[in-house]
Amino acid sequence: MWNFLHRFASPPYFYRLSADIARWTGWICLGLLGAGLYGGLIAAPPDYQQGDSYRIIFVHVPSAWMSLFIYTAMAVAGGIALIWRIKMAEIVTVASAPIGASFTFLALVTGSLWGKPMWGTWWVWDARLTSELILLFLYFGVIALSLAIEDRRTASRAAAILCVVGVVNIPIVHYSVEWWSTLHQGPTITKFSAPSIHLSMLIPLLSMAVAFMLFYLTVLLFRMRCELLERERHSRWVRELALEPEAAVRRV
Amino acid sequence: MAFTAVIRRDLLLAIRHPAQAIDPLIFFLLVIALFPLGASPRRELLELVAPGVFWIAALLSTLLSLERMFRPDFEDGSLDLMLASPAPLPLIVLAKIIAHWLVTAIPLLLAAPLFSLLLGLPTTALPALLATLVLGTPTLSAIGAIGVALTTGLQRGGVLLSLLVLPLYVPVLVFATGAISAAANDLPFTGQIYILGALAALSCTLGAFVAAAALKIATS
């Protein structure tokens with residue numbers, strides 16, 4: 001296991017393996033996305049109270065989960081990058097930020113689209129919405145900082161510090177609906193007790209959640225490959241890859 | 001030794017150039033004066049928004065003064081000496097944070113009762129206002145040190161600094177204005193004060209270490 005991780009952290013090996021992994025995760029993601037969308041938009045019955053407009057949760061809830069998950073992943077990778085100075089972990093932090101910001105934005109937009117017919121307003125300053133907006137700004141901060149610093153390694157290490165500092169916001173977002181009484185409803189899906197959502201809605205929701213997770217992994221791998229090529233453009237393995245792709249693949 | 005030396009140096013610099021302490025205060029007053037002009041001078045409305053206006057002005061004026069924490073030292077090279085000195089870097093950074101707090105927060109604390117009159121804040125809320133300032137401003141200086149340290153090596157770090165630091169200031173803003181509003185309505189506000197104290201303890205202890213690590217990275 002450790003041996004595998006160690007090899008995975010070496011750029012040429014990662015570059016070769018990531019293409020295969022991204023292909024698999026990409027196709028499985030597409031399949032689950034199709035199944036989840038069919039299950040959610042067509043197969044699942046309309047809600048007794050909200051009619052068809054509840055169906056936005058199949059996009060809204062997974063993207064909100066991903067917005068929290070990606071930031072946590074960035075902070076963990078950032079911590080690893082700062083402590084053990086692992087190059088790949090630095091790249092994970094920088095490459096994840098735009099994906100996480102997109103998911104956060106998607107969660108905010110779908111939430112406000114749902115809020116207009118249900119709550120009668122596009123936006124309320126309740127704790128969950130506000131803390132999610134702050135999360136979006138934290139993502140923007142990480143992206144802006146990593147773009148502002150010229151040297152790529154310095155940029156990603158600085159971004160890693162910011163990620164680790166900003167991670168205090170994650171529990172605030174997660175527990176905001178429990179700590180403050182807000183307009184946003186409490187969680188309906190918990191691990192340990194029976195969820196207060198019907199199975200016909202739960203299965204497409206979980207399918208969408210897994211699909212979003214795989215989407216993140218796939219895009220992350222592609223972004224990491226790009227970033228890696230850019231950073232290592234003066235190294236021998238990239239030159240070999242560019243000049244004689246066949247031979248380079250065989251050697252690794 | 002290095003600890004007191006850094007504090008004494010920064011305080012001496014502030015005394016020789018008093019604008020460092022006075023300019024943020026004038027800016028603060030200006031922001032406060034803009035609100036009645038822009039929103040409405042009606043007393044009941046001002047009373048309602050006063051805690052928020054006061055603290056937003058405090059955040060902005062802190063933001064303006066933050067850059068002076070490391071930028072001049074970076075430009076004249078004394079930061080390199082601090083990085084190279086045998087004294088532990090977090091200790092030096094802590095001294096810089098304390099010096100920044102002394103230079104910017106003390107004048108604000110002294111002027112706060114006067115400014116609160118301008119906004120029509122009831123006098124019953126004054127103790128809460130002062131308590132939130134005493135406990136909240138160290139957090140601003142400590143978190144700000146991290147942001148400044150990260151942007152030290154950059155040519156135009158100003159706007160970026162506000163983008164990095166302001167989202168992290170939100171908890172202080174929320175709990176400080178909550179405490180003042182509660183006090184203005186004769187409600188207990190000790191809970192918010194405790195949280196502000198906890199934030200200050202956390203940010204002042206860990207903030208110096210994080211800012212020191214950030215300084216090393218940004219200047220490498």
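Lettering of chains follows the sequences in order, A, B, ..., and the numbering in each one begins at 1.
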Working for ring pair (Phe, Tyr, Trp, His ring centres under 6.0 Å), residues A/Trp65 and A/Phe103: CA-CA 9 Å; A/Trp65 283 345; A/Phe103 275 124; over 10 Å; no
Worked check of ring pair (Phe, Tyr, Trp, His ring centres under 6.0 Å) between B/Phe54 and B/Phe28: CA-CA 8 Å; B/Phe54 203 95; B/Phe28 186 96; 5.1 Å; yes
Would you give me the side-chain donor-acceptor pairs under 3.5 Å for residues 73-83 of chain B, sequence neighbours excluded?
unit_1  : atom_1 : unit_2  : atom_2 : d
B/Asp73 : OD1    : B/Arg9  : NH2    : 3.0
B/Asp73 : OD1    : B/Ser78 : OG     : 3.4
B/Asp73 : OD2    : B/Lys96 : NZ     : 2.3
B/Asp76 : OD1    : B/Ser78 : N      : 3.0
B/Asp76 : OD1    : B/Ser78 : OG     : 2.6
B/Ser78 : OG     : B/Arg9  : NH2    : 3.4

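Residues of residues 132-150 of chain B that come closer than 4.5 Å to chain A, counting heavy atoms only, are B/Ile146, B/Leu150, ordered by residue number. Contacts between residues 194-216 of chain B and chain A, defined by a heavy-atom separation under 4.5 Å, are made by B/Val210, B/Ala213, B/Ala214.
Counting non-hydrogen atoms of other residues, nucleotides and ligands closer than 6.0 Å to CZ of B/Phe115 gives a total above 12. Around the CZ atom of A/Phe105, the shell of radius 6.0 Å holds no more than 12 heavy atoms that belong to other residues, nucleotides or ligands.
The parts of B/Ile217 that come within reach of chain A are both its backbone and its side chain, each placing non-hydrogen atoms under 4.5 angstrom from that chain. Heavy atoms of A/Leu135 lying under 4.5 Å from chain B are absent altogether. Contacts between A/Ile149 and chain B at a heavy-atom distance below 4.5 Å involve backbone atoms as well as side-chain atoms.
With rounding to the nearest 0.5 Å, the separation of CG in A/Leu162 from CG in A/Leu138 is 7.0 Å.
Under the 6.0 Å cut-off for aromatic ring centres, A/Trp114 and A/Tyr54 do not qualify, their centroids lying 6.0 Å or more apart.
Remark: A/Tyr139 engages A/Tyr71 in a ring pair (Phe, Tyr, Trp, His ring centres under 6.0 Å) (not counting sequence neighbours).
Summarising the geometry of A/Arg157 relative to A/Ala81, their closest heavy-atom pair is NH1-O, 3.4 Å, with the distance given to 0.1 Å.
Using a 4.0 Å cut-off between a side-chain N of Lys or Arg and a carboxylate O of Asp or Glu, A/Arg152 and A/Glu90 do not qualify as a salt bridge. Looking at A/Arg231 and A/Glu227, a side-chain N of the basic residue comes within less than 4.0 Å of a carboxylate O on the acidic one, giving a salt bridge.
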